[in-house]
Amino acid sequence: MDSRFGTFGGTFVPETLMPSVQELTAAYEEAQQDPTFQEELAQALKEYAGRPTNLYHATNFSKKVGCKVYLKREDMLHGGAHKTNNVLGQALLAKRMGKTRIIAETGAGQHGVATAMAGALFNIPVDVYMGIEDIERQKINVLRMELCGAKVHPVAVQGKGTLKDAISDALRDWTTNVEDTYYLLGSVAGPHPYPTIVRDFQKVIGQETKQQILEQEGKLPDYVIACVGGGSNAIGIFHEFLDDDVRLIGVEAGGTGEKHGATLSKGAEGIFDGMHSFVLQDKHGQIQEAHSISAGLDYPGVGPEHAHLHKKQRATYVSVTDDEALAAFTLLAECEGIIPALESAHAIAYATKMDVKEDDVLVINLSGRGDKDMFHVEGLL
Amino acid sequence: MITKKNTFMAHVYAGDPDITFTETVIRALDVDILELGIPFSDPIADGPVFQHACQRALQTTPDDVFALVQKLRKTKYTKPIVLTTYYNIIFRAGIERFVARLAEHRIQGLIVPDLPMEEAAELADACNQKSIHYIYLITPTTTDTRIKAITAKATGFIYLVSTTGVTGTSKGHEVTTVLKKIRACSTIPVLLGFGISKPEDIRGLDIDGFIVGSHICKVYQKDPSLQKLQEFVTLMKAR
């Protein structure tokens, strides 16, 4: 398994973790070849998580955009977001490796919730690291994790804490408890082999989408659009279309304009969270805080495969602001009766800004549902 | 760089809480090697003590740290200096440029805790060309194959991590086993670090020296007059 995507990726971790990273790589390669593992995963995805998810022709929203728009309904997956695809795969891998404890980081809380659910399902104790600012923004998800039996550890550095701090603490936990602990990373970020493992477990989104759009439209879409924080839902839907004549657009968090999470559009190459990728950093290489209305896009790094697609211009990365995302959140609820996650609302927002032709076909990955954001947006709408 | 048994290397993050205080600490530390850290915003190999030290020191730039080294060298500070920082600081500055600055400031070694052997080739080669020791870490989890590969490349000394953990924590003792394995395939000196705060932590071990970091930070924070720090150094040297 290649540890790089072009020049990006790699394994930038302390020596303590190297044997574990290599153990994980070997175990994953073995699992991939094992039909029993693949069957077990396919069964869990179908019967527990509810795959396949629908590809829904959103006729009302299509009118607002000016062409045919399909929504890939990952919001209808058990757990309320695409994150479930990855955790089921990795929790089965953890079980297979004989690990007795799972740790995870979470930003928006969706990955934490999904991991807590998988822990309950497969009877493995789960510890989740979560920044204190995210805990505040995503209280409902904290309750959901705790209800499923996970322990949530608040992370704060000098009174602040978001996803990047949660990842750092999860890595420290893993470094300390490396023998029995499986680190279930939630995005296509971090050290090799995670960007590949998570991509592989998420690419089912694109595989289904391709089949569904061919059935429903008889042709491939002109555009596939997804929001990008770490980038797992975007890679998940992009991957199947990489060799096709389909334009791929990743939508990053434009934040307030001045403060943002637009790592690919506005960051620079660097080494962060175990990977060589694009990073928000100052001129000396200190990692900077990201900002987004949505906790899931509030991350100063991005998956190395996106960095590669960006550099070789196979995918286009753009950003929309907090206000635009919020407007799209409302718009989709009003015209379709679908409340998107604030993360997914970024992709929705970009579609409304595009210069499309009437016969264009757009697919937007609706990566999660917005119930978790209700309290957060209450004061903002 | 290691000239005697019982070598004491002290690890200090520059700029905690400011560069003047760091200079005072360095001058008060009568140790054999100074390990000077350039603070990083996300020090994943460091425990809470150094995480907070990095946060307090975050305004300190690589330029400030090199200026401090220059000042030390100008005032006849002759102890070997090893620089420690995370890879992004070096990557951002540019490997060639960064290593040239190490040489220019007569810095003898470089430690990058988030850069394992597999990713280190370019930087290690650049260091070798300037006769700077690129210091490799070995931990209780390092496999036999890796120990062989690492000791074959290593120069200066091996930084042996005493625990599976982050700096400032101490848990279990698998050190003797890994130490034996290193000795079996190399004559390179071994310094033990992570979680060392008292003579008992290193007593009876077949090591060439030891590294103290977080504990020094704790001691100078509690007693900024640095009297306690000097007592601690004396105690450790007498082990």
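Residue numbers begin at 1 in each chain, while the letters A, B, ... track the order of the sequences. Everything quoted here is computed from the prediction, not taken from an experiment.
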Working to the nearest 0.5 Å, report the span between CG of A:L171 and CG of B:D114. 10.5 Å

Best-contacting candidate, B:D63, B:T142, B:I150, against chain A by heavy atom pairs under 4.5 angstrom: B:T142

Can you give me the closest heavy-atom contact between A:E15 and B:I138, atom names plus distance? CG-CA, 4.3 Å

For B:P43, is it the side chain, the backbone, both, or neither that has a heavy atom closer than 4.5 Å to a heavy atom of chain A? both

Value rounded to 0.5 Å, distance of OG in A:S168 from CD in B:Q51: 7.5 Å

Between B:F91 and chain A, which part of the residue has a heavy atom less than 4.5 Å away: side chain, backbone, both or neither? side chain

Between A:G285 and B:F40, the two heavy atoms sitting closest are O-CE1, 3.3 Å

Can you tell me how far apart OG1 (A:T16) and CZ (B:F194) are? Round to the nearest 0.5 Å. 6.5 Å

Here the gap from B:Y87 atom OH to A:I271 atom CD1, rounded to the nearest 0.5 Å, amounts to 6.0 Å

Please classify the contact of B:I38 with chain A as side chain, backbone, both or neither, using a heavy-atom distance under 4.5 Å. neither

Which is it for B:Q55 and A:K160 under the side-chain contact (heavy atoms from CB on, under 4.5 Å) test, yes or no, and what are the steps along the way? CA-CA 11 Å; B:Q55 285 300 319; A:K160 287 173 143 191; over 6 Å; no

Mind listing the closest non-hydrogen atom pair of B:R92 and A:D282 along with its distance? NE-O, 3.4 Å

If you draw a 6.0 Å radius around CD in A:Q32, do more than 12 non-hydrogen atoms from other residues or ligands fall strictly inside? yes

Max heavy-atom pairs within cutoff under 4.5 Å with chain B, candidates A:Q288, A:H276, A:Q286, goes to A:Q286

Interchain contact, A:F272 with chain B, by part (heavy-atom threshold 4.5 Å): side chain

Contact check, side chains of B:E118 and A:T11, non-hydrogen atoms, under 4.5 Å: no

Mind checking the CD1-CG spacing from B:I44 to A:D169? Nearest 0.5 Å is all I need. 11.5 Å

Start with the C-alpha gap between B:T143 and A:M18, add the side-chain angles, then the distance that decides, and say whether side-chain contact (heavy atoms from CB on, under 4.5 Å) holds. CA-CA 9 Å; B:T143 57; A:M18 280 310 291; over 6 Å; no

NZ/A:K266: more than 12 non-hydrogen atoms of other groups inside 6.0 Å: yes

Would you compute the distance between atom NE2 of A:H192 and atom CD of B:E119 and round it to the nearest 0.5 angstrom? 9.5 Å

